[in-house]
Amino acid sequence: MAKQSYFDWQAHYKTLANNAKNEHLKAFYQHAYGDTHTPIKDISFVALDFETTGLNSEVDDIVSIGLVPFTMQRVYCTHAKHWVVQPRKSLSEESIVIHGITHSEVDDAPDLTSRLGPLLNALSGKVVVVHYAAIERHFLNNALLTRINEGIQFALVDTMEIEQRALRARQGLIGRLFNQKVGSLRLTDCRSRYSLPAYHNHNALTDALATAELLIAQLQYHYRDDTPLAELLS
């Protein structure tokens, strides 16, 4: 059987490192993990979650960041990080109701620029895991474009996409032909399918932990531990 061809993230990160101007971004690319043939049992992951002022990454901004490092065998809660940052757009009353972060908290918080080094260092050498790639990937890219005139690219695993694949596989051909709904892809509902506990959501740190636990459950249910990383990437 011919060896399956995967996107060469290692070569791509090398090109990005050579072209990056910001020192933190260059260091991130130089140490980014890009070997997509590695078995998932040997991967160091980091779950990432943002709370934002809204859902449009073109006009809204990041309010808080949560990240939790983990492997298939263990969640490293002692190395988790949570930062509130000052967005470059005023908080709406709707967003305050959702994530509970107030005007006074963001007024006293630093800009994302001052957290860029610690954030990228925490992601360095790990595979990023999110629940719904469009939020974290687009918001971080646009936030950096606004602040340092450079965007960011990185490989990631999307637990929402993995759950959608699993539900479609269970649905079968007939269900797909008749366009039957596969079920809710909300983080809470995905976790409930694996009997994971319900957490209070819309806190970046809690949601990052919830995402980490969800991926571990998904991998145990649906994948062999020698599955190459590339089969998970979005």
Side-chain angles (χ1 to χ4, degrees), residues 9-10 13 24-25 27-51 62-85 99 110 112 114-133 135-137 139-140 152 154-163 187-188 190-234:
W9 273 101
Q10 284 184 314
Y13 281 138
H24 299 303
L25 202 56
F28 168 73
Y29 289 137
Q30 288 172 337
H31 297 95
Y33 193 86
D35 185 356
T36 57
H37 297 281
T38 304
I40 56 177
K41 64 182 175 61
D42 298 327
I43 296 294
S44 292
F45 298 100
V46 58
L48 177 67
D49 188 82
F50 296 148
E51 293 302 320
I62 298 169
V63 177
S64 66
I65 303 165
L67 55 87
V68 178
F70 68 102
T71 64
M72 278 189 69
Q73 299 79 31
R74 182 179 177 185
V75 177
Y76 295 92
C77 291
T78 56
H79 299 294
K81 306 289 184 184
H82 183 239
W83 297 294
V84 175
V85 294
H99 51 59
L112 176 61
S114 69
R115 294 286 186 248
L116 183 57
L119 170 60
L120 294 184
N121 184 60
L123 302 181
S124 182
K126 298 180 176 63
V127 176
V128 177
V129 180
V130 302
H131 191 77
Y132 188 40
I135 294 294
E136 280 72 24
R137 177 172 271 162
F139 267 89
L140 186 55
I152 186 170
F154 51 93
L156 58 73
V157 175
D158 184 350
T159 52
M160 178 185 285
E161 183 178 310
I162 288 177
E163 190 67 11
L187 180 57
T188 300
C190 292
R191 286 175 57 84
S192 69
R193 295 189 186 99
Y194 303 92
S195 300
L196 293 170
Y199 292 156
H200 178 71
N201 55 9
H202 296 302
N203 172 280
L205 182 57
T206 303
D207 285 351
L209 175 60
T211 299
E213 293 176 344
L214 174 59
L215 181 64
I216 292 171
Q218 289 172 324
L219 297 184
Q220 290 174 341
Y221 271 78
H222 306 300
Y223 293 88
R224 292 164 50 105
D225 61 9
D226 62 352
T227 300
L229 171 63
E231 293 191 17
L232 304 183
L233 296 178
S234 297

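Source: prediction; values computed, not measured.
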With a cut-off of 6.0 Å (strictly less than), are more than 12 heavy atoms of other residues, nucleotides or ligands near [atom1] of [X]?
X: Lys81; atom1: NZ; value: no
X: Tyr223; atom1: OH; value: yes
X: His31; atom1: NE2; value: no

[X] side chain vs [Y] backbone, donor-acceptor pair below 3.5 Å:
X: Thr159; Y: Val130; answer: yes
X: Arg115; Y: Val85; answer: no
X: Arg137; Y: Phe154; answer: yes
X: Thr211; Y: Asp207; answer: yes
X: Asp158; Y: Ala133; answer: yes

If I compare all heavy atoms of [X] with all of [Y], which pair ends up nearest, and what's the gap?
X: Ala208; Y: Ala47; result: O-CB, 3.1 Å
X: Phe50; Y: Ile135; result: CD1-O, 4.4 Å
X: Ile65; Y: Ile62; result: CG1-CG2, 3.9 Å
X: His24; Y: Gly117; result: ND1-CA, 3.6 Å
X: Pro39; Y: Asp226; result: CB-CA, 3.9 Å
X: Gln218; Y: Glu163; result: NE2-OE1, 3.0 Å

Gap separating the [atom1] atom of [X] from the [atom2] atom of [Y], nearest 0.5 angstrom:
X: Met72; Y: Gln220; atom1: CE; atom2: CD; answer: 6.0 Å
X: Leu214; Y: Leu219; atom1: CG; atom2: CG; answer: 9.0 Å
X: Arg193; Y: Thr188; atom1: CZ; atom2: OG1; answer: 11.0 Å
X: Leu116; Y: Phe28; atom1: CG; atom2: CZ; answer: 10.5 Å
X: Asp225; Y: Gln73; atom1: CG; atom2: CD; answer: 8.0 Å
X: Tyr33; Y: Leu229; atom1: OH; atom2: CG; answer: 7.0 Å

[X] vs [Y] side-chain heavy atoms within contact, under 4.5 Å:
X: Leu156; Y: Leu48; value: no
X: Leu67; Y: Trp83; value: yes
X: Asn203; Y: Glu51; value: no
X: Tyr76; Y: Thr71; value: yes
X: Thr206; Y: His200; value: no
X: Met160; Y: Cys190; value: no
X: Tyr199; Y: Arg191; value: yes
X: Leu187; Y: Asn201; value: no

- Query: Taking the six-membered ring for Trp, are Phe45 and Phe70 parallel (under 30°), tilted (30 to 60°) or perpendicular (over 60°)?
  - Reply: parallel

- Dump the intermediate steps for side-chain contact (heavy atoms from CB on, under 4.5 Å) on Val127 and Leu232, then the final yes or no. CA-CA 11 Å; Val127 176; Leu232 304 183; over 6 Å; no

